[in-house]
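Notes to accompany the following structure.
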Number of protein chains: 2
Amino acid sequence: MGESHHDDSDGATATEAAVQLLRRDIVTGALTPASKLKIRELKERYGIGASPMREALAQLSAQGLVQQSSQKGFRVPPLSAAELLDITRSRQLIEVEALRLAITHGDASWEDEIVASFHLLEHYFRRVVPQPTSPNDEFETRHARFHHALIAACPLHLVRSFCETLYEKATRYRLMMRTDYGFSNDCVIAEHRTLMEAVLSRDVDGAVREHHAHIQLTADILLDVLAHSPEQGDDRFVGQ
Amino acid sequence: MGESHHDDSDGATATEAAVQLLRRDIVTGALTPASKLKIRELKERYGIGASPMREALAQLSAQGLVQQSSQKGFRVPPLSAAELLDITRSRQLIEVEALRLAITHGDASWEDEIVASFHLLEHYFRRVVPQPTSPNDEFETRHARFHHALIAACPLHLVRSFCETLYEKATRYRLMMRTDYGFSNDCVIAEHRTLMEAVLSRDVDGAVREHHAHIQLTADILLDVLAHSPEQGDDRFVGQ
DNA sequence: TTTCCCAGTTTTGTCGATAAAAATGTTGCT
DNA sequence: AGCAACATTTTTATCGACAAAACTGGGAAA
């Protein structure tokens with residue numbers, strides 16, 4: 001089961017370290033979805049004091065990555081088909097607009113980063129084929145970098161950061177799939193390549209259509225997985 | 001000259017109270033834009049301990065209503081024309097989509113709340129005409145309620161909550177205008193009435209156009225005010 | 001058996017104190 | 001004067017301890 005027990009690895013303050021570790025473990029699923037987050041346990045899990053722990057939890061709860069009820073502490077937000085649908089539709093609405101703006105505003109360096117991150121994504125499969133899931137997940141890093149690069153040229157900072165939030169929430173669901181599926185490598189690359197080509201050729205409508213479809217596809221797969229695995233949450237009161 | 005010094009008025013925990021009070025004072029401008037937020041001062045200002053104060057600050061900083069630098073504490077985010085433009089464009093992109101969805105999904109009770117909140121907004125001027133700015137600002141409450149009602153029927157929870165965040169950020173700038181302008185009452189009502197009528201008649205394109213223009217108009221006025229008042233921030237290092 | 005109430009335990013939320021870091025002010029040197 | 005090193009004060013970030021609230025389990029009453 002899950003075990004970490006790092007102590008240091010602090011860039012600066014203990015709170016920041018706690019935020020990073022917590023975020024990682026929640027997005028990854030190392031902390032199971034509907035479970036309770038008792039500060040005592042987290043405290044000894046990460047070797048960080050209670051105060052920075054609470055501060056980190058407060059920060060993440062404001063960001064929607066942790067739930068907080070008034071005098072009943074914190075818990076990992078449960079996964080639900082309803083939320084996944086909300087996330088998916090929101091991304092299809094917003095991220096697509098961000099992409100549109102990025103395409104019309106993007107310069108050469110924007111294109112370069114897209115190409116570079118794509119090749120990193122592509123090369124991941126050539127080297128590390130057999131491993132289905134590595135814990136620190138290099139693949140996720142590269143995938144995130146590619147999707148980040150796409151909308152990096154969107155001039156609206158707030159919209160971009162909202163997209164990042166949505167992407168992170170979607171990642172929680174996506175990582176869930178990893179155990180069940182081996183995620184057919186070639187297919188994934190093809191998907192992303194056509195998307196990239198549409199973007200680089202400044203074909204706005206094509207890129208938008210492609211991006212919309214890309215989000216829809218992964219969502220469909222995930223919804224299917226969700227439907228067949230109603231077991232979630234280890235603690236009582238799973239309901240949202 | 002800010003003064004509050006409430007002690008209780010807590011719905012539940014001290015942190016929640018701190019969040020509410022801080023949020024109010026930042027949005028209102030009671031805490032001046034680029035100023036530093038020393039916990040000592042806040043602590044005695046609100047009569048709340050340091051720990052809940054830090055927790056509240058962390059929460060708000062995750063929401064973008066407070067800035068935090070690693071070992072240099074917290075401060076109120078500065079106001080800038082650049083950010084106002086970002087907020088405006090983002091609202092014109094997102095909030096308009098939310099409105100579109102609300103119009104196609106809204107039911108009778110949605111319409112009712114729009115009508116009700118509009119009349120409350122309208123009646124505000126009939127009763128409380130002369131006061132230019134009341135501190136707790138009943139007007140803001142009603143205005144917020146109306147704009148909230150418009151998109152309340154948007155089925156995408158995440159998009160809606162993002163709109164609320166944007167609205168709140170915009171409010172910071174809007175409240176700034178209150179001192180300089182007397183904001184011509186009749187004109188404001190007319191604006192909102194035509195918007196409401198377009199929405200209620202399910203004229204999607206008309207409502208969208210109206211809403212877009214509404215946001216643009218207030219932004220234009222505010223940008224003008226901003227240009228003529230470069231003085232902001234009482235503490236050193238105003239730069240963004 | 002079911003329900004309700006009451007101890008005991010765990011957990012949460014808050015306070016005060018403290019070390020580390022930053023900001024400030026002061027002195028001495030070129 | 002201008003600048004640099006140092007001493008002092010302020011502020012931040014963190015820890016440990018404690019009261020209040022929530023949860024748990026066992027027994028008494030219906």
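Letters A, B, ... mirror the listed sequences (proteins, then strands); counts begin at 1.
Geometric assessment of B:R54 against the ring of B:F74 yields a negative cation-pi assignment under the 6.0 Å and 45° thresholds.
Proximity of B:T15 to the phosphate of C:dG13: no side-chain N or O atom is located under 4.0 Å from OP1 or OP2. An OP1 or OP2 oxygen of C:dT12 is reached within less than 4.0 angstrom by a side-chain nitrogen or oxygen of A:K36. Put simply, B:R54 has a side-chain N or O that comes within less than 4.0 Å of OP1 or OP2 on D:dA13.
Residue B:Q71 places its side chain closer to D:dA13 than to any other of D:dA13, C:dG13, C:dA23.
In this structure, CD of B:E16 is placed 14 Å from C1' of C:dT14, rounded to the nearest angstrom. Between B:R40 atom CZ and C:dA21 atom P there is a gap of 19 Å when expressed in whole angstrom units. The CE-C1' distance, from B:M53 to C:dG16, rounds to 17 Å in whole Å. When rounded to the nearest whole Å, the span between CD1 of B:I39 and P of C:dA22 equals 15 Å. For the pair B:I48 CD1 and C:dT14 C1', the interatomic distance rounds to 11 Å; values are reported in whole Å. When the C1' atom of D:dA13 is taken as reference, atom NZ of B:K38 falls 17 Å away, rounded to whole Å. D:dC23 atom P lies 10 Å from atom CZ of A:R75, rounded to whole Å. Between A:Y46 atom OH and D:dT14 atom P the separation is 16 Å, expressed in whole Å.
In this pair, A:H143 and A:F139 present their aromatic rings parallel. The plane angle is below 30°, not in the 30 to 60° band.
For the side-chain contact (heavy atoms from CB on, under 4.5 Å) criterion with A:L31, the lone passing option out of A:R45, A:K36, A:R75, A:E41 is A:R45.
For B:L37 and B:S51, each mapped to the nucleotide of DNA chain D holding its nearest heavy atom, the one lying further toward the 5' end belongs to B:L37.
Here the shortest heavy-atom pairing between A:H105 and A:A153 reads CB-O, 3.7 Å.
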